[in-house]
Structures are given as C-alpha cells and as structure tokens.
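Keep in mind that what you see is a predicted model, and the values were worked out from it rather than measured. Naming: A, B, ... by sequence-line order, numbering from 1 per chain.
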Amino acid sequence: MTQTKNDILSSLNPSQRQAAEHFCGPLLVAAGAGSGKTRALTYRIANLILNHGVDPENILAVTFTNKAAREMKNRIEQLFAQHLALIRYDKPRSALTPEEQMKLRSRIYHSYIKPLWVGTFHALCARMLRYDIEKYQDARGHRWNKNFSIFDEDDAQKLVKQIVTQELNLDPKKFNHKTVRYSISNGKNKGWSPQAYQEAEPDYKGRVISQVYSIYQEKLAENNALDFDDLILVPVQLFRQNEQVLAYWNRRFRHILVDEYQDTNHTQYDLIRLLTTGGVNSYSFNDWQQRSIFVVGDADQSIYSFRMADFTILLDFQHDFGDRLPDESTRTMVKLEENYRSREQILTAANHLIARNEQRIDKVLRPTRGEGDPIYHYSADDEQEEAEFVIQKIRQMNGDNPEMHWGCFAILYRVNAQSRAFEEILVRSNLPYKIVGGFKFYDRKEVKDALAYLRILVNSADSISLTRVINTPKRNIGKTTVDKLMNAAIELGVPLWEIINDATSVNTLAGRSAKAVIRFAELMAKWQQEVNNMTASEIARGIMEESGYIEDLKKQGTDEAEDRLQNVFELFNAIAQFEEDNEEANLENFLAEAALASDLDNLKEGTDAISLMTLHSAKGLEFPVVFLVGLEQGLFPNHRSIEDPPALEEERRLCYVGITRAEDMLCITHALKRRLWGGYREAAIPSQFLDELPRDVLSSPHLGRSRRKGGSPGRAVRTSSPQNWRKGDRVVHRSFGPGEITHVFGTGQKISVAIKFPGAGQKIIDPQLDQLQKLE
DNA sequence: GGTTGTCTGTTTTTT
DNA sequence: ACAGACAACC
C-alpha cells in the first residue's frame, strides 16, 4: 500500500507534474528544448492508466518519427516495470530474478503496451485505413481495398512523370515532374482536392497542376495505392463522409496526445480535430467528459515548413481547443522552461539567438546545470581542414577523459552532402561512426526491387512495382514490349497484371518476348498462391531465389553486386526480425511497416560510435559534445532562405535546435573555402548566426583571422549602400562569393546589378539588400 | 532489345 | 562532380 499517485509522479518538477496529472479537457504543453517533454508525455500516459483507470485501448499517442514512437513505448514500458515490480513483487525492478523480469515484461507488453496506439501520423493512419478504407470513395468514385500499396516519393514521382510527359504532353521545362509532384503534395497537405486546388490557384499553372493531380489520383486508385500524403488525407475525407466510421474512432480514442505539435500541417490538424470532437464542427465543442486532447510542442523548434508544417496551429491551440484566457490565467497551457540538458553558457547562446525571431511564444530556457565552458568557435581553411579539426578535437577529448566514449560526440550539419569530408577522415582514422538518416536502407535499388516483388504478390494492381521488376533481372522484356502491354491495360482500363496474366493477350501483344512475359506471370501467380500459406520470410526468400534476382547478382561478381546481395539478405533478416517482434506478422503488415520505416541502422542502436547527421535528424536527440559545422552564409543559413524573412527565421530555429542538442560542450565551425558543385567557393562569409550569438559566451582563438578574411557581415550592410557600382567591377557577394558586374540597372536608390559568379552563374542583385563588397 | 556515350540538373531539410 | 535520363549505336 505504498503506491500512491504521488509515487509515480514524484520525480517531476511542478510544471511537468501539472502536465502529467492532466486528465480531461484540452492542454497545450509549451515545452522548451531539454525541458523533459517526453517525460511529461510518458508519465501522463502512465498516470491515465494507473491512476485514472483509463483503458490503454482508448489512448492514441502521435509522434513525428518512428524513433520517437519507439522511444516513447520503451519509456512507458520502463515506467510500468518500475511501478509493477513494487506492486507485484514488493521489490524494485533491479532486484527481480531474470524469470520474474521476463514474466513482468511480457505481462506489461500484453496488458499495456500492445493495446496502446503509439506511432507516427502515417503509421497510425495506415493502420486505421487497413480497417476502413473499403468504406471510402473519393469525389470521383475511386475506391481502394485494404491491401493498398504505399507509394514512396520515388513511385509518386514516376507516376507524375508519366502523366506530365506521356498523358498530357506538357513542356517538361515548364512543368518539371518533381516540381509538379511537390505542388500536389503541398496541396494535399493543405487538404485540397484537385477541384479545390484549381479554385485556390486559378492561373494557368494552377489549372494544369490541378489536372495532373486529378489524373494522378485516378492512377493511384488504379494501382490500389496511396502516397504518404493520402495516408493522412484519406482518413480525414472518410471521416467527413461517413459518420459511423468517425463515431467509431472518436469513441475509441478518448485521450489523444500529440508530440511535436508545431510540426503538424493542416491535414494532420484536421485529423486530430475530427478525432477529438467527433466532427462537431464549431468552436463551441466542449464535451470533455472522459476525453482529452494533449499536445506538446515548441514553436521555436518548428523546422518543417517545407513540408507544409505550420506552427501557427500550435500558437492557435488556445483559441481552437483551449479556454482562450491570457497566459497568466489560462488553465489549458503549461510552459516547461527548466532545461535539464545543457550548461548555462549554451543556453545563454540559444536564448539570445532565438530572441531575434519575431514569430514565437515568449519563453526562455532556465538553466539547472552549472555554467560550463564557453562555446568554442573555429575557423577552418576549407571543408577538409574543418573535418580534420573536428576529428582531432574528438580524439583529444576522448583521450583526456576516460568517460567520454565515442557515442558522446555528434557532428551536425545543414545538408547531407557535408558528411563526406568527415566520413573520409573517420575512415582513415579508423574511428567508429554512424550516419543517421541520409542514405536509407529502404531507398536502395535492390531493396526496392525486392519490395516491389513482394508488393505485387499482395497487391497485383500495383503496376508501378510490376513495371519495376518485370525485366529485373533481365528477361528480355524490353521497353517496347512493356509499353505495348501497358497501353493495352490503359485502353481496357484494367491493371497491367490482368493483361500479363492472360497468356492469350500476351501472345497477341508481346511478339517474341511473349514467352518471357508468360514465364514471369506464371512465377508471380505461383507465389501469389502462397501468400496465405507461407511466412513472409519464406515468400521473400522464395521469390527472390526463383525470380533469378539473387542468381543474377551472384554471377555479376563485382564488389557492388556483392554489396547489393548483402542488402537483400539484410532485408530477409529485417523480415525475420519483424516476425519475431510481432505476433501477427505477415507479408502485408511487413510491407506497410517497411514503406514507412526510415532506416535499418536504427535497429542496431547501442553501438558506441560518433554520430553524424543533419540538424533536422538531430531534433529530439542530445549529446554531451556537439559540433555544429559549416556555419557559412549561403550554406547555413541556406541561400534560398537569406532573402525570405520567414524562411530565415526557420533557419535560425534550426540553428537553435542544433545548439540545444549540446549538454556540456558546443563547438561551432565554418570553412573559408568549400568545395561545392565541383568547383571551389572562395572566401565564404561566416554565417550571420555567428554574429547573432552573444560575444561573451564565445571562445574563438581564430576570430580575428576569420573576420579579416571574410569581412564582417554586420558592417558590410552599411558600407555597401552608397557605393557607385560600375560594369566590370570585381565584387564579393555574401553568399555567392566573388564575381564580376556585367550590367547596372537604374540609378540612385533603385539600382540593381547583374553579376556573373564563376560558381553560381549570372544573378541580378539589389546591392541594398545583399551584402556586396567591391574588390580593388 | 541492350549498350554506350552525352547531356542535364542537382544540393535543404523528411514521414 | 556526379548520377540519372536520353539518344545513337550495336
């Protein structure tokens, strides 16, 4: 009888506790970096179940990444283990015998973890759709069945390309398939149908894109496939058209928790709102009996606007769901401001930097740990020397401090391409490292080929997968043959598979390739039969063997082929692992998971290695020592953001995210010269963010040198305006480097100049806005 | 139908 | 610089 409510929550601070104790109604937790938001979330879930008697089945917890979902499950499990060890065995968890541990874990998993719905928006929606998608039809009557394929970005682009170039014969320069795909994606993230798209963007371009969008949806339906955006949008539309379906999920998920709420887009918001209110479509919704909406986020860490995330959704929470009272008197917002992660000097820098942003909730990170060391700033000659410096510094710290193992260090950069210089030196130095994100296991050609085979078995309508592997390995089924078959399929309005699987049609259409096509069809048909009899592992091995794919790689004999072979086997391992971890593992479930999984390396965590990743991937993580590299104008902030104030604010938030990853030590570097697009970019100007950090927390032995070489960006603004620019002047631009003026337009205040840059080509620039310096 | 060589855009970030 | 797309050739 020692377990009371107090005991579970006793380790929380007052604000965390207020968040964790929240039962019914809306609550926004505005949680600064390192303030224990995951803690508040997990403790609240435990508290709901243990102290309020909520059935885990009634809880929906949405995270932004798979990693975060895994982490949350683990932490909830640990909480329960701690708690139940005391209740059931009357001793702390650490004192349990191995058998008792095992028994306890299995019990916790079955009664608490498994019935909880914890996952990303995409994974959770995919799961709901496996139940209900057959009740859905879109505005034009298209339907899907529960074996739908999930198209990744690659598949989606292929489809758009097909439409743009073949169906509509558009000028590929004006309507680049990637740009069109991106526009469609953005439209979907705003909740627009093709019709709505056209209404929102009624100009010529908008009308064309709307038309592509419309055909694209038709094709997706023909393939029985959805793209990433549809996974969210389709449930929203289904909920709007089918009251019973919405009522079911609304009743089911009484308590909804959303992590990283600042990263939600409008469609995701609609989904959450529908699930929470059950479709009561007004702000007067206030039936909070036995229900809650609990969102956690930080507007200062909103870094996904390029994916249509909109942090004003977080800023509006109080208006949407809350009591709409001012911050001081509201009962529907809690701020977590104590920072348990970083040393004071690091927090000072972070607070100072982010305070420059206009759009935010006022909030500071209050230090709880000692002052720590100043932030170290290093100015390198080029990207190679930058990497050498960082690695040498890591070796030195590792040598000096026995407790600093390799896993303590992280190198964070703006773009993936920056990892190369570091990798080269790490390999040469023989140090253990891991690259998080970047190349993804499931993006590799051979893995996608294997998955395509499997997808066809589950969803034979998936023509994208079918065309992908029909001649891989080579079976003498060339482009002309595939085109003929495909045209017939389009003509008849049936999936490609139906043509291929009919020997007569094939004989008529395919000429001398007919035999090969028929053999391929027979192979696939045979394995389709086995989907319900054999395990996913057996099927995967079987089809990859019998299709000749493995044989083909083996006989190539190159290192690359060997590598690919290894990856195919690695996929088999992943399937086997999946079968071990999931009771109802089957091929369908595996494919659903694989489509949404990022990379496999996450599985082998725990290895002691230096971490390399982009700033975006670093969100949510923390490291004792962080190196923030490549702080150069044009790289970070990225050149596409410099002239766009909201985008620049986002870059600044990204920098804030980077700084706040560091626990004890932060080191910021930039290079004066950087290899980019093949050539060198000379005289790179240090990032403006360096100037935006408070001076007194920066320790920077090379500061003087770097300033003189790069010029001070702060001062350059003022010196550049009254100049007389002339054709032929040699100049240095803040982000494009050195160049020569080729034209001068206008006079006086309204002057603009065209400059030819060796690296970036010709650009027209306003010297008032851009930092331009004349060279003598 | 497959292979070789040339041309092009590409580098912001991701579920 | 480099991969992927496409055309010309085998």
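- Take K479(A) and apply the salt bridge (charged side-chain N to carboxylate O under 4.0 Å, His left out) test, not counting sequence neighbours, and it matches D483(A).
- Here the P atom of nucleotide dT13(B) and the CZ atom of R653(A) are 18 Å apart, to the nearest Å.
- Across all strands, Y304(A) comes closer than 4.0 Å only to sugar-phosphate atoms, never to a base (heavy-atom distances).
- Within the 4.0 angstrom heavy-atom criterion, no nucleotide atom of any strand lies near D152(A).
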> How far apart are the C-alpha atoms of Y413(A) and F627(A), what are their side-chain angles, what is the distance that settles it, and do they pass the ring pair (Phe, Tyr, Trp, His ring centres under 6.0 Å) test?
Replying inline: CA-CA 9 Å; Y413(A) 36 78; F627(A) 292 86; over 10 Å; no
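- Residue side chain F306(A) meets the stacking definition with respect to dT13(B): its ring centre sits within less than 5.5 angstrom of the base's six-membered ring centre, and the planes differ by less than 30 degrees.
- Side-chain proximity of K178(A) to dT11(B), dT13(B), dT15(B): nearest is dT11(B).
- A straight line from CD1 of I150(A) to P of dT15(B) spans 14 Å, rounded to a whole angstrom.
- Contacts of E386(A) classified as salt bridge (charged side-chain N to carboxylate O under 4.0 Å, His left out), with partners at least two apart in sequence or in another chain: R674(A).
- Atom P of nucleotide dT14(B) and atom CG of N66(A) are separated by 14 Å, given to the nearest angstrom.
- Nucleotide dG4(C) holds its C1' atom 12 Å from the CD atom of Q157(A), rounded to whole Å.
- Judged by the 6.0 Å distance and 45° axis criteria, K219(A) is not positioned over the aromatic ring of F151(A).
- K161(A) comes within 4.0 angstrom of the backbone, heavy atoms only, and of no base.
- Atom name P, nucleotides dT13(B) and dG4(C): the rounded distance is 16 Å, in whole Å.
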Below 3.5 Å between N/O atoms, which protein atoms pair up with nucleotides 1-8 of chain B? Just atom names and distances, please.
{"unit_1": "dG1(B)", "atom_1": "OP1", "unit_2": "T481(A)", "atom_2": "OG1", "d": "3.1"}
{"unit_1": "dG1(B)", "atom_1": "OP2", "unit_2": "G478(A)", "atom_2": "N", "d": "3.3"}
{"unit_1": "dG1(B)", "atom_1": "OP2", "unit_2": "T480(A)", "atom_2": "OG1", "d": "2.7"}
{"unit_1": "dG1(B)", "atom_1": "OP2", "unit_2": "T481(A)", "atom_2": "OG1", "d": "3.3"}
{"unit_1": "dG2(B)", "atom_1": "OP1", "unit_2": "N471(A)", "atom_2": "ND2", "d": "3.1"}

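- Phosphate contact (OP1/OP2 of dG9(B), side-chain N/O of N176(A), threshold under 4.0 Å): absent.
- With sequence neighbours left out, the salt bridge (charged side-chain N to carboxylate O under 4.0 Å, His left out) criterion links E562(A) to no other residue.
- Counting to the nearest Å, the C1' atom of dT15(B) and the CG atom of D227(A) are 11 Å from each other.
- Using a 4.0 Å heavy-atom cutoff across all strands shown, F64(A) reaches sugar-phosphate atoms only and no base atom.
- Taking 4.0 angstrom as the limit, T614(A) places a side-chain polar atom (N or O) nearer than this to OP1 or OP2 of dT14(B).
- Looking at which nucleotide of DNA chain B each of T120(A) and S641(A) is closest to, the 5′-most match is held by S641(A).
- By the side chain to side chain contact (heavy atoms under 4.5 Å, CB included) test, A299(A) pairs with F311(A), L314(A), L315(A), sequence neighbours left out.
- Atom CG of D229(A) and atom P of dT14(B) are 16 Å apart (whole Å).
- For the pair N638(A) CG and dT13(B) P, the interatomic distance rounds to 9 Å; values are reported in whole Å.
- Atom CG of N265(A) is separated from atom P of dT14(B) by 17 Å (rounded to the nearest Å).
- Partners of D300(A) by salt bridge (charged side-chain N to carboxylate O under 4.0 Å, His left out), not counting sequence neighbours, listed by chain and number: R360(A), K363(A).
- Summarising the geometry of A597(A) relative to N66(A), their closest heavy-atom pair is CA-ND2, 3.8 Å, with the distance given to 0.1 Å.
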